[in-house]
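First comes the structure, then the notes that go with it.
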Amino acid sequence: MCEMSGKDAKPLRGNWMLQHPMYQLMKSLEVEDSEQLHAAFLVYMDLKEVRQWTDVSCVKHPELQVVLLEGKEKEETPTQSILPLPSHRSLSHKSIRQVLDRGFPVLLCAVASDSTLVYQRMTDGLVTPDPPAGPFQDVGRRQHRKRKQQR
């Protein structure tokens, strides 16, 4: 397929993604898993174009043979590692440990076959969750207890 873009533009051939400079850079890392490479590029595009992250780059994790992304959510925030994986892939504890041992906060990004992205923050150990935000009340359980006592 050949398309024209703009008044005096040269013809565009094939899939634009395959010609994107970042995709070419990821491909040059020589990761054998083309599905993971594709997932990494989709996550890169989401981070840069949608979420407006800064300093997003890619590196090869030699032991896991995957493309990792590194970037900052905002200019003043620390660098994070992002592990993009097709959603049907499984991870071992050892592979999670290898990514966490790099020293950066880690986001796992599951990439579905329809290009849906789901991010999950990974931590080294257990983390206490933040309390819920907003005017929440525990009305449901209290009313249930009252009804139970009245019977």
Side-chain angles (χ1 to χ4, degrees), residues 1-6 9 12-144:
M1 174 185 248
C2 184
E3 299 174 2
M4 297 295 284
S5 178
L12 300 174
R13 299 196 187 280
N15 186 340
W16 69 269
M17 186 180 92
L18 301 177
Q19 299 172 11
H20 193 282
M22 182 52 81
Y23 185 84
Q24 291 296 319
L25 180 61
M26 289 178 184
K27 194 173 176 182
S28 73
L29 296 174
E30 297 180 357
V31 171
E32 295 174 13
D33 186 350
S34 62
E35 267 190 306
Q36 197 275 328
L37 179 71
H38 179 72
F41 182 74
L42 292 177
V43 174
Y44 169 81
M45 293 301 288
D46 180 60
L47 294 175
K48 285 295 285 180
E49 302 296 327
V50 178
R51 299 173 189 273
Q52 302 293 308
W53 279 40
T54 61
D55 302 327
V56 181
S57 61
C58 62
V59 295
K60 179 179 179 178
H61 192 288
E63 291 87 18
L64 298 178
Q65 287 294 306
V66 295
V67 174
L68 291 176
L69 300 173
E70 294 177 346
K72 296 181 177 186
E73 209 166 341
K74 296 180 180 131
E75 193 64 42
E76 64 277 358
T77 60
T79 300
Q80 298 182 52
S81 288
I82 302 92
L83 173 57
L85 281 180
S87 60
H88 64 275
R89 288 285 157 77
S90 59
L91 275 177
S92 68
H93 289 270
K94 182 180 177 182
S95 56
I96 294 170
R97 168 78 0 224
Q98 288 177 329
V99 177
L100 284 169
D101 285 347
R102 294 182 75 242
F104 298 117
V106 176
L107 285 175
L108 171 65
C109 185
V111 181
S113 58
D114 67 355
S115 299
T116 300
L117 305 177
V118 178
Y119 292 91
Q120 179 65 49
R121 191 164 309 280
M122 306 292 286
T123 61
D124 192 4
L126 298 174
V127 175
T128 306
D130 293 331
F136 297 106
Q137 294 178 354
D138 191 12
V139 175
R141 285 194 280 166
R142 287 186 191 134
Q143 286 179 346
H144 180 67

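Along the sequence shown, residues carry numbers from 1.
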Stepwise side chain to side chain contact (heavy atoms under 4.5 Å, CB included) test for Ile82 and Trp53: CA-CA 12 Å; Ile82 302 92; Trp53 279 40; 3.6 Å; yes
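- Counting only heavy atoms from C-beta outward, the side chains of Leu91 and Leu108 approach each other to under 4.5 Å.
- Within the 4.5 Å cutoff, side-chain heavy atoms of Leu47 are placed close to those of Tyr119.
- Across every non-hydrogen atom of Asn15 and Met17, the tightest pair is OD1-N, 2.9 Å.
- From Phe41, atom CZ reaches atom CG of Leu18 across 9.0 Å, with rounding to the nearest 0.5 Å.
- Distance alone, capped at 3.5 Å, places no donor-acceptor pair between the Gln36 side chain and the Pro86 backbone.
- The line from OG of Ser81 to CG of Leu107 is 9.0 Å long, rounded to the nearest 0.5 Å.
- Sparse packing is recorded around NE2 of His93, with 12 or fewer heavy atoms of other residues, nucleotides or ligands lying under 6.0 Å away.
- Between the NZ atom of Lys48 and the CZ atom of Arg51 there is a distance of 14.5 Å, given to the nearest 0.5 Å.
- Between Asp55 and Thr79 the shortest side-chain heavy-atom distance does not fall below 4.5 Å.
- A search for salt bridge (Lys or Arg N to Asp or Glu O under 4.0 Å) contacts involving Glu73 returns nothing, not counting sequence neighbours.
- Lys60 contributes atom NZ, which lies 11.5 Å from atom CG of Leu37 (distance to the nearest 0.5 angstrom).
- A 4.5 Å side-chain heavy-atom check between His20 and Met45 finds at least one atom pair inside the cut-off.
- With rounding to the nearest 0.5 Å, the separation of CG in Leu42 from CG in Asp46 is 9.0 Å.
- Listed by first and then second residue, the side chain to side chain donor-acceptor pair (under 3.5 Å) pairs involving residues 23-32 amount to none (not counting sequence neighbours).
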Please test Leu69 against Met26 for side chain to side chain contact (heavy atoms under 4.5 Å, CB included), starting from the C-alpha separation and ending with a verdict. CA-CA 10 Å; Leu69 300 173; Met26 289 178 184; 3.6 Å; yes
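- Under the salt bridge (Lys or Arg N to Asp or Glu O under 4.0 Å) criterion, Arg121 pairs with no residue, sequence neighbours left out.
- Judged as a salt bridge (Lys or Arg N to Asp or Glu O under 4.0 Å), and not counting sequence neighbours, the contacts of Arg89 are Asp33, Glu35.
- Between Met122 and Val99 there is no side-chain heavy-atom pair separated by less than 4.5 Å.
- Annotation: side chain to side chain contact (heavy atoms under 4.5 Å, CB included) contacts of Asp130 (sequence neighbours excluded): none.
- The shortest side-chain heavy-atom distance between Leu68 and Arg102 falls under the 4.5 Å cut-off.
- Contact detail for Ser87 and Ala112: the closest heavy-atom pair is OG-CA, 3.6 Å.
- Among residues two or more places apart in sequence or in another chain, the salt bridge (Lys or Arg N to Asp or Glu O under 4.0 Å) test is passed with Asp101 by Arg97.
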